[in-house]
Chemist: 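Quick one: the structure is below, questions incoming.
Each chain gets a letter, A, B and so on, in the order its sequence line appears, and its residues count up from 1. The figures here come from the full heavy-atom set of this structure, side chains too, leaving out hydrogens, waters and symmetry mates.
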There are 2 protein chains.
Amino acid sequence: MLDEDVKTQARSHTKCASCPVRHRAVCARANSDELTLLDSVKFYKTYQAGQTIALRGDPLEVLSSVVSGTATLSQSMEDGRTQIVGLLLPSDFIGRPGRDTVAHDVTAVTEVTLCCFRRKPFENLLVNMPHVQVRLLEMTLDDLDAARDWMLLLGRKTAREKIASFLLLIAHRSVANAEKTLANEVRIELPLSRETMATYLGLTIETVSRQFTALRKDGLISLDGTRSVFVPDVAALAAEVGDGE
Amino acid sequence: MLDEDVKTQARSHTKCASCPVRHRAVCARANSDELTLLDSVKFYKTYQAGQTIALRGDPLEVLSSVVSGTATLSQSMEDGRTQIVGLLLPSDFIGRPGRDTVAHDVTAVTEVTLCCFRRKPFENLLVNMPHVQVRLLEMTLDDLDAARDWMLLLGRKTAREKIASFLLLIAHRSVANAEKTLANEVRIELPLSRETMATYLGLTIETVSRQFTALRKDGLISLDGTRSVFVPDVAALAAEVGDGE
DNA sequence: CGGCTGCTTGACCGTCATCAATAAATGTGG
DNA sequence: CCACATTTATTGATGACGGTCAAGCAGCCG
């Protein structure tokens, strides 16, 4: 992990009890004893939009949960072709106990605040935190399912279907806070630029842009600026997905 | 899971001690106590090539390890487009403790023998098998890394790169038994048909076939029949991958 | 107001999918 | 073991989808 350029306020602590991701993150099922353990070793860290949080191959010294903001996991080829292999939204876990190097590049796309644990102490504590251990397995399995869903998107879906899938994914994840169900119409605030979306969807920026225009002309979405999307008929957009999600 | 058409010899037991995947599967780190527990509840089951092992949405009653043969995990859209999201080779684990329905279709591509555990008893035993629990998390994390590597392949690689990546993947996995390193030249026995490869690589069968002939004409591989590939210069083939694998 | 960055639109082209016709491999019954 | 049928693989012709290159446009900040 990179330490430079970290804001000074970054290392402020916050009580777990008032943590916005307390009930969704790796600590979701922790009992009070476990929470006390975690609380004693955690520290916050904030990254600015665009900053690199970790690079593949780096020594893996810190594990963390996303508290706020959006980050990406990505994988690159030598010639620069890049694929985002995971979106990291609040409550997502970064890093892998039992491994000593970083497997994928991690980048902040908005300002990101992480709740961090040094890896070794965390691994040692883990044996005394069975609920955390179980939650970690559960979250990893969820990530695996999500990755496999994305493989269908990358391998088989058309550009239009990819965009529709992405919009609905963001819609779902942003209401996940409250209820799990979506209204008939939704306003979505995109956390990603066109370029980042393209990298996530296995497309180019031009194709992403064209598909947004096409969906707008077809009345399936309307745009307010470039980051705010209004979906007047969620079911109609969902019909563009093909299936699966 | 489907019970019909299962061979009668299928439920024969085999001692764990003589199991070919004893040191790589979910039981790899099990101590003798844990192994005794597993041994008491496990049963073998064999599926013929082409048989469906489980379908998405089915109640998830059985977890298992692949003992021999090859199976696929796949995800389909309503119109029939299908993406294979995981190859299941000997030692791989099938199913997910803590979930009650099957997440992906599982299909035998060769004759497959599974070492099965009923889910509920297995989950109950799991709390008394810490080494199995840890191994399961480790294997899940490995699967996640593999899935993410595949996302790069599906999203960004050319057809030629995909085929080269696939050949090397199979080469690596088939020598994983012995040492982890590859010789200068390798003979690969493909466990998959052209069609199944296409479904795995996000291509069509025609494109797969064309790329095989292209690689053959370029002297990077030679074919003996349709399933046996000889790679005279592994490094040369690896140079076709672009990166990553 | 200019300059920057990010987005959109257009013209063109390449890779891979589609459709279609062999060819090779595999299986079956006489 | 060979004729025949069926499945699987290869090869060809053609076209569409999305990539590439390039120009214009919009929002943002000094």
Chemist: Does any donor-acceptor pair link the side chain of Glu206(B) with the base of dC19(C) at a separation under 3.5 Å?
Modeler: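 Per atom types, the contact qualifies.
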
Chemist: Indicate yes or no: does Arg156(A) engage Asp79(B) in a salt bridge with an N to O separation below 4.0 Å.
Modeler: no

Chemist: Salt-bridge test for Asp143(A) and Arg148(A): reply yes if a basic N is under 4.0 Å from a carboxylate O, no otherwise.
Modeler: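 Salt bridge: no.
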
Chemist: Quick check on DNA chain C: between Arg210(A) and Arg227(A), whose nearest nucleotide comes earlier from the 5' end?
Modeler: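 Whichever sits nearer the 5' end wins; that is Arg227(A).
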
Chemist: With respect to the phosphate group of dT18(C), does any side-chain polar atom (N or O) of Thr204(B) fall under 4.0 Å of OP1 or OP2?
Modeler: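 Negative; the distance criterion is not met.
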
Chemist: How many Å lie between CZ on Arg194(A) and C1' on dT5(C), as a whole number?
Modeler: 14 Å

Chemist: Under 4.0 Å, counting only non-hydrogen atoms across every strand here, what does Ser193(B) touch: a base, just sugar-phosphate, or nothing?
Modeler: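 If one applies the 4.0 Å heavy-atom cut-off, Ser193(B) turns out to touch the sugar-phosphate alone, with no base involved.
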
Chemist: For Ile163(A) and dT8(C), give me the distance from atom CD1 to atom C1', rounded to whole Å.
Modeler: 14 Å

Chemist: Side chains of Ser228(A) and Arg187(A): is there a donor and an acceptor less than 3.5 Å apart?
Modeler: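 Result is yes, a qualifying pair exists.
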
Chemist: Can you tell me how far P of dG6(C) sits from CG of Leu223(A), to the nearest Å?
Modeler: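 Distance, rounded to whole Å: 18 Å.
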
Chemist: Does a side chain donor of either Lys157(A) or Ser165(A) reach within less than 3.5 Å of an acceptor in the other side chain?
Modeler: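 Lys157(A) vs Ser165(A): donor-acceptor pair found between side chains.
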
Chemist: Would you call Ile163(A) and Leu215(A) a side-chain contact if the rule is heavy atoms closer than 4.5 Å?
Modeler: yes

Chemist: In this structure, how many angstroms lie between the C1' atom of dT8(C) and the NZ atom of Lys217(A), rounded?
Modeler: 10 Å

Chemist: Would you grab the first and last nucleotide of DNA chain D (5' to 3') that comes under 4.0 Å of any non-hydrogen atom in chain A?
Modeler: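 Extent of the interface on DNA chain D: dG18(D) to dC21(D).
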
Chemist: Could you check how far CG of Leu203(A) sits from P of dC16(C), rounded to whole Å?
Modeler: 15 Å

Chemist: Which residue in the set Leu89(B), Thr196(B), Leu88(B), Asp92(B) passes side chain to side chain contact (heavy atoms under 4.5 Å, CB included) when paired with Thr70(B)?
Modeler: Leu89(B)

Chemist: OP1 or OP2 of dT8(C) versus the side-chain N and O atoms of Ser209(A): is any pair under 4.0 Å?
Modeler: yes

Chemist: Round to the nearest Å and state the distance from Arg156(B) atom CZ to dC16(C) atom P.
Modeler: 14 Å

Chemist: Is it true that the side chains of Thr107(A) and Thr52(A) contain a donor and an acceptor less than 3.5 Å apart?
Modeler: no

Chemist: Output the rounded distance in Å from CG (Asp79(B)) to P (dA17(C)).
Modeler: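 The answer, rounded to whole Å, is 15 Å.
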
Chemist: Roughly how many Å is it from CD1 in Ile205(B) to P in dA20(C), rounded to a whole number?
Modeler: 17 Å

Chemist: On DNA chain D, nearest-nucleotide positions of Gly225(A) versus Thr158(A): which is more 5'?
Modeler: Thr158(A)

